[in-house]
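The structure presented is a predicted model; accordingly, all values stated were derived computationally and were not measured. Side chains are part of it too, since the values below use all heavy atoms of this structure and drop only hydrogens, waters and symmetry mates.
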Amino acid sequence: MGERLAGAEKEVLVEIVRFTQKNGLKGAEGGWKDFLAQNDKKYGVSVSDPKKRTKDVLLAFLVTFSKDFQKYFSKLVRRHTERRAIEQYMNEFSGKISPEQKLVQLTTEHTEYRKNYYFPSYQEGWKIVRIGKLSSSMNSGAMLAIDCEMVLCNDGTEAVVRVCVVDNKLEVKLDTLVNPLKAIADYRTNITGVSKKDLEGVKCSLVDVQKSLKKILAKGKILVGHSLYRDLYVLKFDYSRVIDTAYIFKYANLPTTAAASLNGLCKSVCGYTLREEGKPHDCLKDAEAAMNLVTAKLKHGFNDPIEIAENSVPESDQMTLLAHRIPVYLPSQELLKIFSGNPSIEEKIDSRIRGEFYSTRILFKDIDEADNAFDELDGQETKDTSGRLQKSVLLKRGNGDVASFFVRKMVYGARVNNPEVSKKRPESTDNVEEKKEDLDGDKQKRQKTSKKHGKKVKTVAAE
């Protein structure tokens with residue numbers, strides 16, 4: 001085992017073990033619970049919380065992984081060390097930190113940051129980019145904003161088809177269509193604005209985009225985006241010096257775990273409508289919008305909670321259902337049996353394991369399909385503590401067993417069929433996805449997207 005991993009603090013090793021749980025990783029003796037069952041005759045899996053285990057036990061588990069995995073674990077340790085160094089630098093030299101870097105710190109302090117920005121960059125095809133010299137990075141205010149459009153592929157994954165990058169003067173640094181180099185199931189043209197014909201003859205690949213990003217992000221530039229982790233995930237690009245515009249504002253009428261849409265933020269912060277309802281995205285304008293939001297934050301502060309306009313829920317969330325409190329023995333692909341339409345299971349980025357249960361997202365091609373799939377589920381309809389509709393459902397397996405779990409919407413303020421049902425979560429519902437806080441009122445309504453196709457995107461070559 002590398003010296004960096006062996007010398008790490010216990011809390012760092014705890015995070016790494018939890019990372020293996022979240023991503024279903026297994027060493028020579030299986031996963032974390034398998035390891036405990038085999039090596040701890042006294043407690044076994046009854047004390048499975050990594051935080052309650054000694055450092056020696058955590059190390060003993062991690063050493064069962066291959067050398068390649070141990071190298072990746074060492075990178076995670078290094079990242080924790082860098083984060084600590086940044087925090088220490090900001091405490092000691094607070095007067096020398098650039099305003100932009102303070103927004104980077106604000107992003108990393110958000111409650112959803114660790115969940116969404118821990119990428120599986122040990123997998124093939126991922127690129128990890130370090131931030132460079134600490135002192136120069138902390139004082140630099142150079143920023144680039146990025147936005148991507150994604151299609152759904154036959155294998156159930158998402159792939160990038162267009163990438164746009166602008167600098168803080170809104171000058172275009174990259175605008176290119178990307179060939180996923182695999183079969184596409186749904187171009188999502190009404191959202192992406194990209195059709196099959198647009199990709200004919202496109203030679204730019206994901207690898208080409210990664211190289212371009214690495215080049216333009218040289219010298220520790222800050223990368224800006226809205227729900228940026230989604231773009232980084234599809235780009236397979238692990239970069240830690242980021243400003244997420246969904247994280248740097250406080251919302252007066254949304255739960256703390258919620259994120260406003262880019263369009264909603266533009267209305268509330270910048271005073272303009274990014275796109276009309278039903279219109280496809282414009283990748284370049286979305287990148288510009290993210291930069292405009294950061295500029296407004298730097299100029300005007302927006303330290304007080306802001307009101308987000310109704311009907312501004314992200315389209316991607318409206319097209320998604322969350323299945324949670326799923327027994328770990330139930331394979332995620334079996335969940336698709338209970339949903340109408342033609343959904344897919346999102347990859348591990350948003351799948352989480354909490355003890356004996358996990359959660360994952362179910363992706364649909366449009367809002368209508370997601371709404372219909374939820375409506376057709378057989379189960380009691382309630383609301384969780386944050387005001388989102390959910391149903392308690394049962395799934396009968398081939399072996400005769402019956403598994404129970406919950407399916408909820410990703411949007412807020414939708415109707416409940418039975419008005420007498422309490423908004424509070426039933427005692428039998430341990431919703432691991434939400435903080436236990438009540439939401440006053442239901443101010444958001446469901447959107448419907450137009451089924452009309454948008455205009456084709458004009459391809460501009462990368463600089």
Legend entry - Proximity of W126 and Y233 rings by center, below 6.0 Å: yes
Legend entry - Backbone N/O of E307 and side chain of S268: donor-acceptor pair under 3.5 Å: yes
Inset, instruction - For the residue pair T245 and V294, establish whether any side-chain heavy-atom pair is separated by less than 4.5 Å. - result: yes
Legend entry - Atom pair CD1 (I191) and NZ (K365), whose distance is rounded to the nearest 0.5 Å: 12.0 Å
Legend entry - Separation between CZ of F405 and OH of Y358, rounded to the nearest 0.5 Å: 8.0 Å
Legend entry - CZ on R241 to OG1 on T108, rounded to 0.5 Å: 11.5 Å
Inset, instruction - For the residue pair T192 and Y187, confirm or rule out a side-chain donor-acceptor distance under 3.5 Å. - result: no
Inset, instruction - Would you mind reporting whether R397 and L330 have side-chain heavy atoms less than 4.5 Å apart? - result: yes
Inset, instruction - Ignoring hydrogens and angles, tell me if any N or O in the side chain of K391 forms a donor-acceptor pair with the backbone of D378 under 3.5 Å. - result: no
Legend entry - Heavy-atom check, side chain of I326 versus side chain of S332, under 4.5 Å: no
Legend entry - Any donor-acceptor N/O pair, H226 side chain to L265 backbone, under 3.5 Å: no
Legend entry - 4.5 Å side-chain heavy-atom contact, L59 and K10: no
Legend entry - W32 and F61 aromatic ring geometry - parallel, tilted or perpendicular at 30°/60° bounds: perpendicular
Legend entry - Donor-acceptor pair, side chain of T20 and main chain of V17, under 3.5 angstrom: yes
Inset, instruction - Using atom types as modelled and distance alone, determine if a side-chain donor or acceptor of Q210 lies under 3.5 Å from a backbone N or O of K236. - result: yes
Inset, instruction - With rounding to the nearest 0.5 Å, note down the distance linking CG in N116 to CG in L232. - result: 11.0 Å
Legend entry - Parallel, tilted or perpendicular: ring planes of F406 versus H324, cut at 30 and 60 degrees: parallel
Inset, instruction - Look at E15 together with R114 and state whether they make a salt bridge at an N to O cut-off of under 4.0 Å. - result: yes
Inset, instruction - May I have the step-by-step check of side chain to side chain contact (heavy atoms under 4.5 Å, CB included) for M143 and M291, ending in yes or no? - result: CA-CA 8 Å; M143 299 183 295; M291 186 61 76; 3.8 Å; yes
Inset, instruction - Could you tell me whether the side chain of L58 reaches within less than 4.5 Å of the side chain of V14, counting heavy atoms only? - result: yes
Legend entry - Stepwise side chain to side chain contact (heavy atoms under 4.5 Å, CB included) check, C148 with L235: CA-CA 9 Å; C148 301; L235 290 167; 3.6 Å; yes
Legend entry - Side chains of T64 and E29, donor plus acceptor under 3.5 Å: no
Inset, instruction - Look up atom CG in D231 and atom SG in C283, then write down how far apart they are to the nearest 0.5 Å. - result: 8.0 Å
Legend entry - Given L36, L13, L62, the one that forms side-chain contact (heavy atoms from CB on, under 4.5 Å) with V57: L36
Legend entry - Residues K297, E100; criterion salt bridge (charged side-chain N to carboxylate O under 4.0 Å, His left out); working and verdict: CA-CA 10 Å; K297 175 73 174 177; E100 292 83 0; over 6 Å; no
Legend entry - Student check: side-chain heavy atoms of I362 and T320 closer than 4.5 Å: no
Legend entry - Under-4.0 Å salt bridge between K409 and D371: yes
Legend entry - Test item: D244 side-chain N/O and S227 main-chain N/O as donor-acceptor pair under 3.5 Å: yes
Inset, instruction - Using modelled atom types only, decide if a donor and an acceptor are shared between the side chain of N23 and the backbone of F19 within a distance under 3.5 Å. - result: yes
Inset, instruction - May I ask you to decide if N342's main-chain N or O and E369's side chain share a donor-acceptor pair within less than 3.5 Å? - result: yes
Legend entry - Under-4.0 Å salt bridge between R53 and D40: yes
Inset, instruction - Determine whether the side chains of K182 and T157 contain a donor N or O and an acceptor N or O closer than 3.5 Å. - result: yes
Legend entry - From Y72 atom OH to D68 atom CG, the distance as rounded to the nearest 0.5 Å: 13.0 Å
Inset, instruction - Determine, step by step, whether F69 and Y122 satisfy the ring pair (Phe, Tyr, Trp, His ring centres under 6.0 Å) criterion, reporting the C-alpha distance in whole Å, the side-chain angles of both residues, the deciding distance to 0.1 Å, and the verdict. - result: CA-CA 7 Å; F69 267 115; Y122 57 86; 5.3 Å; yes
Inset, instruction - Please examine the side chains of S212 and V209, heavy atoms only from C-beta on, and report whether any two atoms are closer than 4.5 Å. - result: no
Legend entry - Geometric class of the F73/F65 ring pair [parallel <30°, tilted 30-60°, perpendicular >60°]: perpendicular
Inset, instruction - Output yes when R162 and D286 qualify as a salt bridge under the 4.0 Å nitrogen-oxygen rule, no when they do not. - result: no
Inset, instruction - Kindly indicate whether the side chain of R78, heavy atoms from C-beta on, has any atom under 4.5 Å from the side chain of K75. - result: yes
